[in-house]
Q: 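The structure is given below, and queries will be raised subsequently.
Order of appearance sets the numbers: ligands from 1, and atoms from 1 within every ligand. Numbering of residues begins at 1 and proceeds along the displayed sequence. Basis for what follows: all heavy atoms, side chains included, without hydrogens, waters or symmetry-related copies.
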Amino acid sequence: MDGRQLITDLSFDELQTWLTELGEPPFRAMQIFSWVYHSMISDWPEMTNLSANLRQRLSSLAVLSSLGPLDRVTSADGLTTKELLELRDGETLESVLMRYEGRQTTCLSSQVGCALRCPFCATGQSGFRRNLTSGEIVDQVLHFARQLRGEGLGVTNVVLMGMGEPLANYDATWKAIRTLNDARGFRLGARRFTISTVGIVPGIRRMTGEGLEVGLAVSLHAPNDSLRDRLVPANKNYPLTELIPACRDYANATHRRLTFEYALIQGVNDGPQQARELGNLLHGMLCHVNLIPVNPTAGCDYRPASREAVASFREELNGHGIANTIRLGRGVDIQAGCGQLRSRRQPPVS
Ligand code: SAH
């Protein structure tokens with residue numbers, strides 16, 4: 001494995017310290033930060049305001065990216081691109097670029113694999129390998145930002161909804177957000193980020209104290225503990241009586257509307273009774289429910305809810321005054337669901 005320092009693993013202050021220890025003046029940090037996050041170069045020789053000697057020395061000590069492209073698929077409409085990327089130790093991760101009118105959203109992985117084993121999720125089925133470092137998270141954004149720049153576009157939104165559980169890799173995830181938010185570098189506003197979580201309550205509580213208005217999406221998928229224990233096993237540790245108050249507090253502290261994700265699974269969680277329970281659970285909360293007919297995966301026989309079931313589920317939620325939208329299988333044709341491209345190459349471990 002390449003033991004060189006990954007530059008994007010360093011905050012601005014850490015970069016400054018690192019350079020000082022090499023005997024370089026403090027202003028070098030600003031030069032390099034600017035090359036990495038404004039010019040988005042991926043190789044040392046391109047840093048033309050540094051001497052050839054220094055560039056040579058830096059390239060022997062550090063790398064500017066941790067990711068190499070392995071595979072890429074684009075949906076038929078051209079709007080969703082999913083990439084399989086290889087890390088320096090040979091592990092792989094997936095990142096997705098979604099294009100909308102006037103905005104480009106990257107969906108990032110926070111871990112290689114995932115330990116939480118939600119039965120319907122392809123990443124969960126493949127098990128946990130390791131946490132990503134903050135630089136490996138940052139690099140996913142830079143990877144797409146370089147591609148978009150050629151079209152005169154940039155990354156406008158970042159969602160941590162790819163492989164892994166971001167709040168189970170809290171420090172690296174938040175460091176990546178702070179690095180990308182840094183006004184001296186990439187300058188992506190806090191409100192442009194969304195963290196999606198199974199509902200790790202201590203992590204949500206910690207986020208509440210960060211002082212950044214990052215969006216929070218919670219993968220709810222069930223309105224009561226007995227069903228949620230099955231669909232989201234982490235619920236056994238953080239039941240709804242703890243999760244929902246943590247969500248309310250986060251919404252109140254950040255003044256941001258929370259998103260609840262709810263994968264509709266035929267005959268499991270898509271009935272009128274569950275819709276009513278969900279309506280009662282979320283009553284009076286500043287929130288929005290994202291309904292997603294479950295995306296079938298190889299390791300699980302759950303089927304998506306029927307069109308009729310989805311319609312009556314929505315009607316029930318509307319009756320409770322709960323804002324909701326239906327997210328219709330974006331990128332389903334390219335298996336853009338969580339973990340699916342990676343598991344096509346690498347069969348699940350038992
Ligand atoms: N671990 C985090 C983020 C990664 S998953 C979390 O659970 O929120 C991103 C979202 O995709 C989650 O809401 C997850 O439940 C959902 N998801 C995973 N597999 C899915 C599938 N097969 N069909 C529909 N949604 C799925």
Q: Taking only residues two or more places apart in sequence or in another chain, which ones pass side chain to side chain contact (heavy atoms under 4.5 Å, CB included) with Pro26?
A: Gln16
Q: Check Glu136 with Arg88, please: is the shortest side-chain N to carboxylate O separation under 4.0 Å?
A: no
Q: Measure across Ser196 and Met161 and return the closest heavy-atom pair with its distance rounded to 0.1 Å.
A: CB-CG, 3.3 Å
Q: Using a heavy-atom cut-off of under 4.0 Å, does the side chain or the backbone of Glu261 touch ligand 1, or both, or neither?
A: side chain
Q: With sequence neighbours left out, what residues match Ser42 under side chain to side chain contact (heavy atoms under 4.5 Å, CB included)?
A: Glu46, Arg146
Q: Can you list the atoms of ligand 1 that are under 4.0 Å from a heavy atom of Thr297?
A: 22 (N)
Q: Mark up the atoms of ligand 1 that fall under 4.0 Å of a heavy atom belonging to Cys121, in ascending order.
A: 18 (C), 19 (N)
Q: Would Gly164 count as a contact residue for ligand 1, given that I'm defining contact as a non-hydrogen atom of the residue lying under 4.0 Å from a ligand atom?
A: yes
Q: Out of the candidates Leu227, Asn269, Asn224, Leu282, only one should pair with Glu277 under the side chain to side chain contact (heavy atoms under 4.5 Å, CB included) rule; please name it.
A: Asn224
Q: Given Ala234, Ser219, Pro296, which has its nearest heavy atom closest to atom 7 (O) of ligand 1?
A: Ser219
Q: Run the numbers for me: atoms of ligand 1, each under 4.0 Å from some heavy atom of Val198, listed by number.
A: 6 (C), 7 (O), 8 (O)
Q: Closer than 4.0 angstrom: is that true for some heavy atom of Ser110 and an atom of ligand 1?
A: no
Q: Answer yes or no: is there a donor N or O on one side and an acceptor on the other, between the side chain of Asp270 and the main chain of Gly267, under 3.5 Å?
A: yes
Q: When you compare ligand 1 with Phe120, is there at least one nitrogen or oxygen pair between them that comes in under 3.5 angstrom?
A: yes
Q: Is it the side chain (CB and beyond), the backbone, both or neither of Leu116 that lies under 4.0 Å from ligand 1, heavy atoms counted?
A: neither
Q: Looking at Asp249 and Arg205, is any side-chain nitrogen of the basic one under 4.0 Å from a carboxylate oxygen of the acidic one?
A: yes
Q: Only heavy atoms of His221, strictly under 4.0 Å: list the atoms of ligand 1 that pass.
A: 13 (O), 14 (C), 15 (O)
